[in-house]
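Report on the following structure.
Atoms considered below: every heavy atom in the structure, side chains included; atoms not considered: hydrogens, waters and symmetry mates. A, B, ... follow the sequence lines: proteins, then strands. Residue 1 opens every chain.
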Number of protein chains: 4
Amino acid sequence: MRSITLVCAAAFVLTGGIVFAQSWQPPPDNQRCPTKWGKDDQRGAANLAGPETVLRAARLIRSGEVIELGHVLSSTMPLSAGRRFELETKRTTMSPQSNRRGSNEELVVAEIGQVGTQFDGFAHQTVGNSLYNCFKVDEVSTRTGFTKLGIQNVGALVTRGVMLDIAALKNVDMLADGYEITSQDLQQALAKQNVTLQSGDAVIIHTGFGKLWDKDNARYAKGNPGIGVAAGEWLARQSPILVGADTPPVEVNPNPDPQISLPIHQMMLAINGIHLLENLKLDELAAKRVYEFAFIIEPLKLQGATGSTVAPIAIR
Amino acid sequence: MRSITLVCAAAFVLTGGIVFAQSWQPPPDNQRCPTKWGKDDQRGAANLAGPETVLRAARLIRSGEVIELGHVLSSTMPLSAGRRFELETKRTTMSPQSNRRGSNEELVVAEIGQVGTQFDGFAHQTVGNSLYNCFKVDEVSTRTGFTKLGIQNVGALVTRGVMLDIAALKNVDMLADGYEITSQDLQQALAKQNVTLQSGDAVIIHTGFGKLWDKDNARYAKGNPGIGVAAGEWLARQSPILVGADTPPVEVNPNPDPQISLPIHQMMLAINGIHLLENLKLDELAAKRVYEFAFIIEPLKLQGATGSTVAPIAIR
Amino acid sequence: MRSITLVCAAAFVLTGGIVFAQSWQPPPDNQRCPTKWGKDDQRGAANLAGPETVLRAARLIRSGEVIELGHVLSSTMPLSAGRRFELETKRTTMSPQSNRRGSNEELVVAEIGQVGTQFDGFAHQTVGNSLYNCFKVDEVSTRTGFTKLGIQNVGALVTRGVMLDIAALKNVDMLADGYEITSQDLQQALAKQNVTLQSGDAVIIHTGFGKLWDKDNARYAKGNPGIGVAAGEWLARQSPILVGADTPPVEVNPNPDPQISLPIHQMMLAINGIHLLENLKLDELAAKRVYEFAFIIEPLKLQGATGSTVAPIAIR
Amino acid sequence: MRSITLVCAAAFVLTGGIVFAQSWQPPPDNQRCPTKWGKDDQRGAANLAGPETVLRAARLIRSGEVIELGHVLSSTMPLSAGRRFELETKRTTMSPQSNRRGSNEELVVAEIGQVGTQFDGFAHQTVGNSLYNCFKVDEVSTRTGFTKLGIQNVGALVTRGVMLDIAALKNVDMLADGYEITSQDLQQALAKQNVTLQSGDAVIIHTGFGKLWDKDNARYAKGNPGIGVAAGEWLARQSPILVGADTPPVEVNPNPDPQISLPIHQMMLAINGIHLLENLKLDELAAKRVYEFAFIIEPLKLQGATGSTVAPIAIR
């Protein structure tokens, strides 16, 4: 990861003639593909999940306390532009038999893979026409889903979760709207919390921004604190399965460098095959200072979809 | 449960003048409400879930093997009448910035609470106008969900799962379409498998019928083997949190008694507050003869909804 | 109509003991059903449409000028609470043949019968459980439409249209938000415009409020001028096929009498079988002072639906 | 049109070295754009509609008889692959006021521009990346509609309709499934019916295939009789505003030449700017032998959409 990025930055400087210290560009396809998991791989860092991560997680279950990390999916929750969540209760149908059984259900119209607390799959983000492992959008996308990288390939993930409380590190309830979390912040939080990351972890970042959920949706959606390029690169090198936060995009938004749009999305999903987990509800975890826990997430098996709304849990 | 039902059956015989040995009627509201969990309770048997069930489950995690129990949600999967599952990939939007970030997502139109492998909540089924704990449909239903008993109240459930392999007990790959599983079948399977049920378990019944999923949808949807009234009453007395199976309704369908429509739905959801878990994918669990396991399910927190499509797992 | 209403008002005064001069109550079912069109009738005043109204309309076509009366259906248009209009362009599919034929289409999710310029059918409004001609909601409604009174029964209507410009009568661009148009207003406008109404006409009322469409949606949706009970009763006695206006509900909203909710909706649709036509675009018609014209409307034949979005025209 | 096509065919023969007499290719962009209506034109042949066509139509209204040409939109109607029509009745909401006003409406989920009797706009079909007047798909398409050529630009069309009864010409109830209607057929029908086409007409072709609608949907959708390339070219030269038929694609399907896919779609919509009108209900018109009539169609003003379901009428 590091060497590729350095090469790109250098190339950018040489060609462009102007030095932008923060500038980041995704590496060209031939430098990032095939990934280390092989040319046909669709799982990325989820390949790290397995019996070993499950047992690592299970060992952290001591009290049996379950802490919910997902928000309620409601018509008043914040939504990214162009997305919706509509739920229509259907009329009760009454069976004609003697037991008078009435049946209720509801129609939901939503970008169900990309609303609420949501787990991003690899079909979600591209570098130009190119997805994770350089699958090409125009070859694998259909009107009804992606033929490669669909979220149904992921399966449940059971692993150790580590929560890095950056708000607590900075002694604030909530990081400032555009604050860029640095790799130093991440490392200081780990040191303060006396935890080290391991390959295959689920890394969860607490910014405190989740307090705005369903309270001040306009501010929640407008911009947020989060990791920037440098912290993202440091994190990617720790080989987590996923990176999550209590904000819409996990990463700082907008990026301090106006020339790039949500670079961590590309870096994690398209380049490194690391999942993102957005809009987490982290208030309870933070209040209880639970830094290590069994983390369990069960993405819906939506065939060919780019992501899944989820209701993950921490157990300690 | 038993005494109430006997009273009802007697009343039925006396009034009607005709004896139907199998006939079952839901008890009147004043005999079933408030439930043992109190008049305001919305959780039913999920009240049994807690640190104790979590630890009971965790102790069963030995090898770290995760077995998926949810089917893929696809446009070709079987659907109950009047339900749909539509997934439309939206056009890729390309960010104007230099990192050429393309974004994909999809619109899903579905009775998302009641398709695929699905977890039934208590707003799903009624006895006349009356739901679990005698909440009234016309008081708690709105166009956009139920104000009581919504699926968002349930939360993740982590408990011991017990799989009863009735197909194996009968030495068949698949039980016959209309076979009514009896309480004797259940008890024999437990004995053969050397397992006993505990309060708070997730009880999973393997019929083999799930082999038809996405293979012979017409037959899968037309009718299926499953527990009948007597087995249901026996099971309810064991106080499980949920009862699941590899069929659309968990219970035998159609019921051998043509006068009643899906009585187990009323018995479990409306009367006893026990969740149902339908359309499970049990082939792997059965093939590996995994009878006890950590069972983990994370229903979506759909506000006011009657159920949730899910992707539960077994871990051993 | 008149006698029934008087009886009701009297009854109300006697029973209630308090006199509300404006109070209006729908007549009881046995006083309004069967309607004059017979007990099985589903068409109401649309029975008046026929060759005679078509020829009456055709005689008004002199210059061949077509004036559009429908607004554009867009994502930014005003919508009544709980309704939506979503349009999603689907990905282009390219045929594999040599002529490189690409095909585009879009998915629309909308209460398509009740958005935009919209034509109300008789399944739309009830008096308690009772619809037009006393069809009962619980007998004729299903999850997928009404078995009686569906909008597909109406068919195209071709008749004389008469526009009553009440804004012009009052020398204003737009009537005040809560202005109740009286029957005197209607009659004065007719006199000023030198027109008389005929049975079977389409009566269109210009309030000027349509100027707010897609400009000030909040105000447009909040309340509006329109006919009140007395004007509605006078109009109903003129036997129009439909009454339309450039406002969301045609009638004054909220009604000056806070005890009643949209009484003209009940009066026209449920009691008299007269259609309503809402959210008309009348600026051009008013600017050109076109008071008489051929009016043509083609409601969609949505089976079992309560209404239809439309794009009606005036021709002179 | 003719010279361009001849040039193309010749080029094809010379390059390919093999002669396919029927082969047709869309002309290259620089030979078809800008169209005769100018480089910014979005209306095509609808520019021919105006007071003159309205008066031509009005003169044909003699008896005042209205004949409906649109099918009912129902859940059982035939649909092209990948399209749906779902209508969900919403729960009745009851106003709290004294007049007990209940309100009903329904949610519709459909490719509403491309279901039922449907009117095709110019954003519907492409030649490669190029639409009518060579607007480029990748420049004018968004996730929520087309910024050019949207169906809202068309407006109501009032003109003379001419029905060519090819089934009657051939003395059959219904043309054979793959029958290619020739230009000779069209001209013989005109002669037999003693009608001549005029610029700006709506040309309606009766094949009898509409009898299968909602009766034998599988056959209706599988393939159908209709005009082929030669008849299409002859028709285009007559300058109609639209060409319609009682089949899904108006044209013969599949095309006898397997190398081309629905060429009339490209020829009419993309190249000549002539609208198509599909799935017409023509039984009454044919039975009554109404060959000339006032034709009126009011497409929905769906912003940015590719077409509109419609309920057009003939009046005589």
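Annotation: maximal heavy-atom pairing with chain D below 4.5 Å, among Leu73(C), Ile313(C), Val54(C), occurs at Leu73(C). Here Gly128(C) is the residue among Ala294(C), Gly128(C), Ser95(C) with the most heavy-atom pairs under 4.5 Å with chain D. Listed options Asp120(C), Leu269(C), Val310(C), Thr144(C) were ranked by heavy-atom pairs under 4.5 angstrom with chain D; first place goes to Thr144(C). Between chain D and the options Gln97(C), Glu298(C), Arg100(C), the largest number of non-hydrogen pairs under 4.5 Å is found for Glu298(C). By number of non-hydrogen pairs under 4.5 angstrom with chain D, the leading residue of Glu52(C), His71(C), Lys301(C), Lys90(C) is Lys301(C). Top candidate by heavy-atom pairs under 4.5 Å with chain C, chosen from Glu65(D), Arg83(D), Arg56(D), Met94(D), is Arg83(D). Ranked by non-hydrogen atom pairs under 4.5 Å with chain C, the options Ser74(D), Ser103(D), Ala57(D), Ser308(D) are led by Ser103(D). Heavy-atom pairs under 4.5 Å with chain C peak, among Ala58(D), Gly113(D), Ala156(D), at Ala156(D). Among Glu86(D), Arg84(D), Arg101(D), the residue making the largest number of heavy-atom pairs under 4.5 Å with chain C is Arg101(D). Interface remark: of the candidates Ser261(D), Pro312(D), Ala311(D), Ser261(D) forms the most heavy-atom pairs closer than 4.5 Å to chain C. Each of Ala49(C), Gly121(C), Ala270(C), Gly64(C) has some count of heavy-atom pairs under 4.5 Å with chain D, and the biggest count is that of Gly64(C).
Looking at Arg32(D) and Ser130(D), their side chains do bring a donor and an acceptor atom within 3.5 Å of each other. There is no side-chain donor-acceptor pair under 3.5 Å between Gln25(D) and Asn99(C). Checking Asn104(D) against Thr92(D) by side-chain atom types alone, a donor-acceptor pair falls below 3.5 Å.
Looking at Val158(D), only its side chain comes within 4.5 Å of chain C, counting heavy atoms on both sides. Using a 4.5 Å cut-off between heavy atoms, Ser63(C) touches chain D through its backbone atoms (N, CA, C, O) alone. Of the atoms belonging to Val108(C), heavy atoms from both backbone and side chain fall under 4.5 Å from chain D. Using a 4.5 Å cut-off between heavy atoms, Ile296(C) touches chain D through backbone and side chain atoms alike. Proximity to chain D is limited to the backbone of Pro299(C), based on heavy atoms less than 4.5 angstrom apart. Both the backbone and the side chain of Glu106(C) have a heavy atom closer than 4.5 Å to some heavy atom of chain D. With a 4.5 angstrom heavy-atom cutoff, Ala305(C) touches chain D via backbone and side-chain atoms both. Proximity to chain D is absent for every atom of Ser75(C), based on heavy atoms less than 4.5 angstrom apart. Both the backbone and the side chain of Val109(D) come within less than 4.5 Å of a heavy atom of chain C. Proximity to chain D is absent for every atom of Arg91(C), based on heavy atoms less than 4.5 angstrom apart. With a 4.5 angstrom heavy-atom cutoff, Ile151(D) does not touch chain C via any of its atoms. Heavy atoms closer than 4.5 Å to chain D are found in the side chain of His265(C), but not in its backbone. Of the two parts of Glu105(D), the backbone and the side chain both hold a non-hydrogen atom closer than 4.5 Å to a non-hydrogen atom of chain C. With a threshold of 4.5 angstrom between heavy atoms, Val137(C) approaches chain D through side-chain atoms but not through N, CA, C or O. In this structure, no portion of Pro96(D) lies under 4.5 Å from any heavy atom of chain C.
Ring geometry for Tyr132(D) versus Phe122(D): interplanar angle of 30 to 60°, hence tilted.
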* To do: Verify side chain to side chain contact (heavy atoms under 4.5 Å, CB included) between Trp213(D) and Met77(D), making sure each step is shown before the conclusion.
  => CA-CA 7 Å; Trp213(D) 179 272; Met77(D) 69 180 172; 3.5 Å; yes
* **Stepwise side chain to side chain contact (heavy atoms under 4.5 Å, CB included) test for Ile61(D) and Arg316(D)** => CA-CA 4 Å; Ile61(D) 301 177; Arg316(D) 63 166 173 176; over 6 Å; no
* To do: Just do the side-chain hydrogen bond (donor to acceptor under 3.5 Å, both in side chains) check on Asn279(D) and Thr117(D) with the steps written out, would you?
  => CA-CA 5 Å; Asn279(D) 295 324; Thr117(D) 301; over 6 Å; no
* Full working for side chain to side chain contact (heavy atoms under 4.5 Å, CB included) between Val115(C) and Leu79(C) -> CA-CA 7 Å; Val115(C) 295; Leu79(C) 289 163; 3.5 Å; yes
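With hydrogens and angles ignored, the 3.5 Å screen pairs a side-chain donor or acceptor of Gln118(C) with a backbone N or O of Gly116(C). Proximity of a side-chain donor or acceptor of Ser98(C) to a complementary backbone N or O of Ile260(D) within less than 3.5 Å is not detected.
Results of the side chain to side chain donor-acceptor pair (under 3.5 Å) test with Thr306(C) over Gln125(C), Glu111(C), Gln114(C) single out Gln114(C) as the only residue that passes.
The pair Asp29(D)-Lys136(D) meets the salt-bridge criterion, since a charged nitrogen lies less than 4.0 angstrom from a carboxylate oxygen. The pair Arg143(C)-Glu88(D) does not meet the salt-bridge criterion, since no charged nitrogen lies less than 4.0 angstrom from a carboxylate oxygen. Salt bridge annotation for Glu139(D)-Lys148(D): absent, with no cationic side-chain nitrogen under 4.0 angstrom from a carboxylate oxygen.
Between Leu302(D) atom CG and Phe146(D) atom CZ the span is 13.5 Å, to the nearest 0.5 Å.
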